[in-house]
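One structure below.
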Number of protein chains: 2
Amino acid sequence: MVATTDFLGRLDEETRAELMAQTTRYRLGKGEFVFCVSDPVDTVHFLLSGRIKTCKFTPDGREVILWFGFPGEVFGLIQSPHHKGRMVSVETCEPCEIAKMSSNGFQDFLGSRPKVSQLLVQIVASRLGMLANRLVYFAADDAETRIAKLLVNLDARYHNSGSGSEQPIGLTHQEIADLTGVQRQTATRILGRLAKCGALSMRYRRISIRDHELLSRFTASQR
Amino acid sequence: MVATTDFLGRLDEETRAELMAQTTRYRLGKGEFVFCVSDPVDTVHFLLSGRIKTCKFTPDGREVILWFGFPGEVFGLIQSPHHKGRMVSVETCEPCEIAKMSSNGFQDFLGSRPKVSQLLVQIVASRLGMLANRLVYFAADDAETRIAKLLVNLDARYHNSGSGSEQPIGLTHQEIADLTGVQRQTATRILGRLAKCGALSMRYRRISIRDHELLSRFTASQR
DNA sequence: CGTTGATTGTAATCCAGGCGACAGATTCCA
DNA sequence: TGGAATCTGTCGCCTGGATTACAATCAACG
């Protein structure tokens, strides 16, 4: 199954080849930035391998993670309508292989391929849907519920094998905090609670869902 | 100036006429729903006059407002990738005049007009940007800051005349609470504070910004 | 193989804002 | 014009989670 947001995976063989022929490839190490807020919007990027996070920073330096990107995804499309420039920053979570091309080149490419544009609308729309859901969580759920929902979602998205995936979720407590809008200490405390009652198993940096059913019981809003 | 999200306003005369020729018009009174979450996605809508709100509901019945729609905007494009069906509900804030057409018809229309698809990407992207900003506010700001930011944004968007607009913001405290994720009472309390110090003037249901500069001082994160 | 930096664990304090409970104001509509 | 319904204003209590402050682990690299 191809994920909704897997742009490259949803192009047909030929179109993909034509597109990739116009790109140049490069590599980044862990924790590097592909671009930052307010950088000029002159390139579009395609993630070939690795994982990235799209984020923003608050005035006082807190990071807020908007979503993760997986291989096959496009990013770097969006320009702020006001001050021009990037609206978000993109940071690698691990070593990544990326293909890039000029924004103008990509626009030309789209101009003659309406189907691809429509696909892009779908992809951006699905990100919109994700953020809309997150916003509802923020408005309605307490910290524990938000974290439980995050873990369930991530697990589904990450190793979408559906089977009894015991693979750890490769996130630090800090990242979980940045995703759910809580303090790092609060994340640690709540993860500890969830582990103690048996829903999670954790061994330093290796958080994984032990009891899927039990965890999902915490995703029902408490507030 | 045409707003970024004003779809109809950004089409050229001819394209707009062709599009509108395929629509049928109808009217709704205040507080009616154009469609609700999980309704089938078989129509696309264009707001001709009035104002709408796009929202979701929490399991316990709380409303979360995602964004407002103004004349010229398209809505009803997005389908949930999982369970199919609408991802959001759309409710009128006042009597509205709306044009609608079938989703398939609209897809065909787009198929032969790549420029319009690209415009749509921009529009969906700008909503994505708005939600991303809201998410950052939720994660980083306290209630007072969120409300102050909301009022500033609304004022800019609403009566974008830029001049010393003394027009009231036509929202109830409940709506402000639904937009900022606080209790209705909290919204009332904070609005009262802002009014007492002279940033706002309020006379039952008629909230307007008295001192723009003073209000914007509250938009600097306190936390 | 030990030092350094990142990550995790825990505990005490404190307050913003949720929640419940009304009382008054205003608008709407019969 | 007179309810009814919807909005607004104000309390007090109480809890979730921010904040501050360390200590303990782990991993990575010279």
Side-chain angles (χ1 to χ4, degrees), chain A residues 29-32 58 60-64 91 93-95 137-148 150 168-196 200-208 218 221-223, chain B residues 29-32 58 60-64 91 93-95 137-148 150-151 168-197 200-208 218 221-223:
Chain A
K30 173 180 170 171
E32 293 193 82
T58 66
D60 56 306
R62 267 175 71 153
E63 184 172 12
V64 179
E91 185 182 355
C93 299
E94 46 192 81
Y137 299 163
F138 270 90
D141 296 334
D142 60 16
E144 186 175 81
T145 310
R146 291 209 299 275
I147 289 182
L150 171 75
I169 295 164
L171 298 181
T172 66
H173 294 187
Q174 183 64 60
E175 286 177 311
I176 290 173
D178 291 341
L179 279 159
T180 52
V182 303
Q183 282 277 114
R184 199 239 69 213
Q185 293 89 320
T186 305
T188 299
R189 186 156 26 86
I190 289 173
L191 288 171
R193 279 211 299 261
L194 292 175
K196 188 156 3 179
L200 303 179
S201 76
M202 340 180 4
R203 282 192 345 274
Y204 193 75
R205 189 69 189 267
R206 251 164 290 278
I207 301 168
S208 58
F218 287 94
S221 177
Q222 307 301 117
R223 198 186 274 172
Chain B
K30 172 180 171 173
E32 294 192 82
T58 66
D60 56 309
R62 267 176 71 152
E63 184 171 12
V64 179
E91 185 182 354
C93 299
E94 45 192 82
Y137 299 162
F138 269 90
D141 297 333
D142 60 16
E144 185 175 82
T145 310
R146 290 210 300 276
I147 288 182
L150 171 74
L151 293 176
I169 295 164
L171 298 181
T172 66
H173 294 187
Q174 183 64 60
E175 285 177 312
I176 291 174
D178 292 340
L179 280 159
T180 52
V182 302
Q183 284 272 117
R184 205 268 342 191
Q185 295 91 315
T186 305
T188 300
R189 186 157 23 89
I190 290 173
L191 288 170
R193 279 210 300 261
L194 293 174
K196 189 154 6 179
C197 80
L200 303 179
S201 77
M202 332 179 12
R203 283 194 341 276
Y204 195 76
R205 188 70 188 268
R206 251 163 291 276
I207 301 168
S208 57
F218 287 95
S221 177
Q222 305 303 115
R223 199 186 274 172

Can you find a donor-acceptor pair, distance only, under 3.5 Å between A/Q185 side chain and D/dT20 base?
-> yes

Test for a donor-acceptor pair under 3.5 Å between the base of D/dG9 and the side chain of B/R184, counting only N and O atoms.
-> yes

Quickly work out the [X] [atom1] to [N] [atom2] distance and round it to whole Å.
X: A/Q174; N: D/dC26; atom1: CD; atom2: P; value: 20 Å
X: B/D60; N: C/dG20; atom1: CG; atom2: C1'; value: 16 Å
X: A/R193; N: C/dG9; atom1: CZ; atom2: P; value: 14 Å
X: B/L191; N: D/dC7; atom1: CG; atom2: P; value: 15 Å
X: B/Q183; N: C/dG17; atom1: CD; atom2: P; value: 12 Å
X: A/R62; N: D/dG17; atom1: CZ; atom2: P; value: 13 Å
X: B/I147; N: C/dA16; atom1: CD1; atom2: P; value: 15 Å
X: B/E63; N: D/dT6; atom1: CD; atom2: C1'; value: 15 Å

Residue mapping more 5' on DNA chain D - nearest nucleotide basis, B/K30 or B/R189 |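 Nearest nucleotide further toward 5': that of B/K30.
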
Return the 5'-most residue of the pair A/I190, B/M202 with respect to DNA chain D, ranking by each residue's nearest nucleotide.
->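 Final value for this comparison: B/M202.
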
Less than 4.5 Å apart, any side-chain heavy atom of B/L171 and any of B/L179?
->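 They are in side-chain contact.
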
Please answer whether the main-chain N or O of B/Q174 pairs with a side-chain N or O of B/R184 as donor and acceptor at a distance below 3.5 Å.
->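 Such a contact is absent between B/R184 side chain and B/Q174 backbone.
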
Can you check whether A/E144's main-chain N or O pairs, donor with acceptor, with A/R193's side chain at less than 3.5 Å?
-> no

Phosphate contact (D/dA18 OP1 or OP2) by A/T186 side-chain N/O below 4.0 Å =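 Yes, because at least one side-chain N or O of A/T186 sits under 4.0 Å from OP1 or OP2 of D/dA18.
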
Could you please name the option among [options] that lies closest to any side-chain atom of [X]?
X: A/H173; options: C/dG18, D/dT19, C/dT8; value: C/dT8
X: A/T188; options: D/dG17, C/dT8, C/dG18; value: C/dT8
X: B/A143; options: C/dG17, C/dG9, D/dA18; value: C/dG17
X: A/T172; options: C/dA16, C/dT7, D/dT8; value: C/dT7

Could you go through the side chain to side chain contact (heavy atoms under 4.5 Å, CB included) check for B/T188 and B/Q185 one step at a time?
-> CA-CA 5 Å; B/T188 300; B/Q185 295 91 315; 5.5 Å; no

Residue from B/E63, B/K30, B/E32 passing side chain to side chain contact (heavy atoms under 4.5 Å, CB included) with B/E91 |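 In the set B/E63, B/K30, B/E32, the residue that makes a side chain to side chain contact (heavy atoms under 4.5 Å, CB included) with B/E91 is B/E63.
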
Contact class for B/R206 vs. all strands (heavy atom < 4.0 Å): base, sugar-phosphate, or nothing?
-> sugar-phosphate

